[in-house]
Protein chains: 2
Amino acid sequence: MAAKRSGAESKGSARRGVSPRSGQPPRNEPPLSLERIVATAVELLDAEGVDGLKMRRLADRLGAGAMSLYWHVGNKEEVFDLALDSVLEYRGPPEIDASQDWRGEIVHMLEDWRASMLRHPWSASLLPRRALGPNTLSRLELLSKTLSGAGVADADLNVAIWSLWNFVIGATTTRANFDLSDDDRTAAQQRLTGLSQDYPTIERSRLLLDNDWDGAFRKGLDFLLDGLAPRQ
Amino acid sequence: MAAKRSGAESKGSARRGVSPRSGQPPRNEPPLSLERIVATAVELLDAEGVDGLKMRRLADRLGAGAMSLYWHVGNKEEVFDLALDSVLEYRGPPEIDASQDWRGEIVHMLEDWRASMLRHPWSASLLPRRALGPNTLSRLELLSKTLSGAGVADADLNVAIWSLWNFVIGATTTRANFDLSDDDRTAAQQRLTGLSQDYPTIERSRLLLDNDWDGAFRKGLDFLLDGLAPRQ
DNA sequence: CAATTTAATCGTACGACGTACGAGTCAATC
DNA sequence: GATTGACTCGTACGTCGTACGATTAAATTG
């Protein structure tokens, strides 16, 4: 029976202590494991982007045969899902729960969210297409709890959460996209400036020229929070 | 010289009137053209999704050989870009420019934007990854002009536009993603309900259970606009 | 201890894909 | 009639995900 490892977590099982293995090629790599596969997939994605992740290349980096991966994962899509969720873990706010400042807490979590994804730009283009992993759900739960504690009515909670989610997703995917290749960007800017008679107001608003993405995110988020829960 | 068609628009050139062509298979298809390729690509994407678009299949639908496409487009990516932008055309508000109601105008354009993308769910996962086409830029220009006319300060214009863009992109990609496959969704809901002790507030807010996406979009957009330009 | 089962690895091979290359077909032009 | 240029397409190559089954080594059982 060629049963695959499924729902269960990786057992690890620490096969062999240090014995250098009797096989011809002196394998000094540690054995395969889900953790190692996912971690290496993240490395590879960071280095080569979404299109750079090939099962053979991933296996190479792991010092394994391509087909060995399939004992640990069902298919390539699963690798994407796992890599994505692994990057979205949240460690919580720094100070000792200043549970007063709900607004600061939300801003911190969302900025951290965005930062995590921008550290791994491929994640931005992956997230919208994938199911919600446990780390994503945890962030949503925290968001719900904080907003609810801040007095947002249950009837508005749903909308509030989605609005913030939408904002983060939109901001991050857009930013990550413009990040790829500075030359592309300058080319696009030049093209746009050439077309500035077609888009005069865009030109005037310096929409694509300013580079203060962090500031724009923060300010936009403030606007949105103002709308969701007007200060006093 | 195997020069490719480039920047120039498709000349059409109406070769042959009705002559049934002397070749063996009686080709009654009209000749290839960029328009026909893009239109058929949209059909195919609607029917089969992003992964369903293969150059061979597209050529089949067009009654052509796979390699014939490459006279009209540079590569598959270009097909994606063209299909995406073709779906994002905006025809403007219905009534005869009630240029008073800037807020209504913005809401109309953004709701139309979202609707266009949801009519072609593949576009939602494509847009964040692609350069801005002319139709997208037109919408941004309209947005800029309207906000500016509504009295939004030039200093805030940039942030306002990005915030609205982010909201639309996030809302649409998320919605389009959840749309694919009802069975997947019920399965996910069941999985979530099973995990409801881990995510109690999500459960309580009915985050993934309510289906009023349109209402949530509209309400969230209102909140955001409230924050961007407080009424009076 | 030997026999068996289980966990894990990996070589080979297959079908599908994007597309490079160059030969082919036709209408328009000289 | 010869040439040119716009357009079509069959073949072929390299690459990808992964099905299949052989192989090995550890764990378990007698």
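- For B:Arg218, the salt bridge (Lys or Arg N to Asp or Glu O under 4.0 Å) criterion is met by B:Asp222, not counting sequence neighbours.
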Show each protein N/O and nucleotides 11-17 of chain C N/O combination with a separation under 3.5 Å, one pair to a line.
unit_1	atom_1	unit_2	atom_2	d
C:dC17	OP1	B:Lys54	NZ	2.9

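- Rounded to an integer number of Å, the gap from A:Leu32 CG to C:dC10 P is 7 Å.
- As a whole-Å value, the separation of B:Leu62 CG from D:dC7 P is 15 Å.
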How far apart are the C-alpha atoms of B:Arg114 and B:Asp214, what are their side-chain angles, what is the distance that settles it, and do they pass the salt bridge (Lys or Arg N to Asp or Glu O under 4.0 Å) test?
-> CA-CA 10 Å; B:Arg114 172 171 174 270; B:Asp214 297 354; 3.2 Å; yes
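- Going from atom CG of A:Leu58 over to atom C1' of D:dG17 covers 13 Å, rounded to whole Å.
- Rounded to an integer number of Å, the gap from A:Ile37 CD1 to C:dT9 C1' is 11 Å.
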CA sep, side-chain torsions, deciding dist, call: B:Asn135, B:Tyr90, side-chain contact (heavy atoms from CB on, under 4.5 Å) = CA-CA 7 Å; B:Asn135 282 326; B:Tyr90 183 52; over 6 Å; no
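- Computed from coordinates, the A:Trp71 CH2 to D:dT23 P distance equals 18 Å when rounded to whole Å.
- Within the structure, the side-chain hydrogen bond (donor to acceptor under 3.5 Å, both in side chains) test picks out no pair touching residues 57-68 of chain A (sequence neighbours left out).
- When the side-chain nitrogen and oxygen atoms of A:His72 are compared with OP1 and OP2 of C:dA7, none of them lie within a distance under 4.0 Å.
- Atom-to-atom, CG of A:Asp51 to C1' of D:dT15 comes out at 13 Å; the value is rounded to the nearest Å.
- Contact annotation: A:Ser68 side-chain N/O to C:dC10 OP1/OP2 distance is under 4.0 Å.
- B:Asp112 and B:Arg91 are not joined by a salt bridge, as no carboxylate oxygen comes within less than 4.0 angstrom of a charged side-chain nitrogen.
- In this structure, A:Trp165 and B:Thr174 approach most closely via the heavy-atom pair NE1-OG1, 2.6 Å.
- Between the CG atom of A:Asp60 and the P atom of D:dC16 there is a distance of 10 Å, rounded to whole Å.
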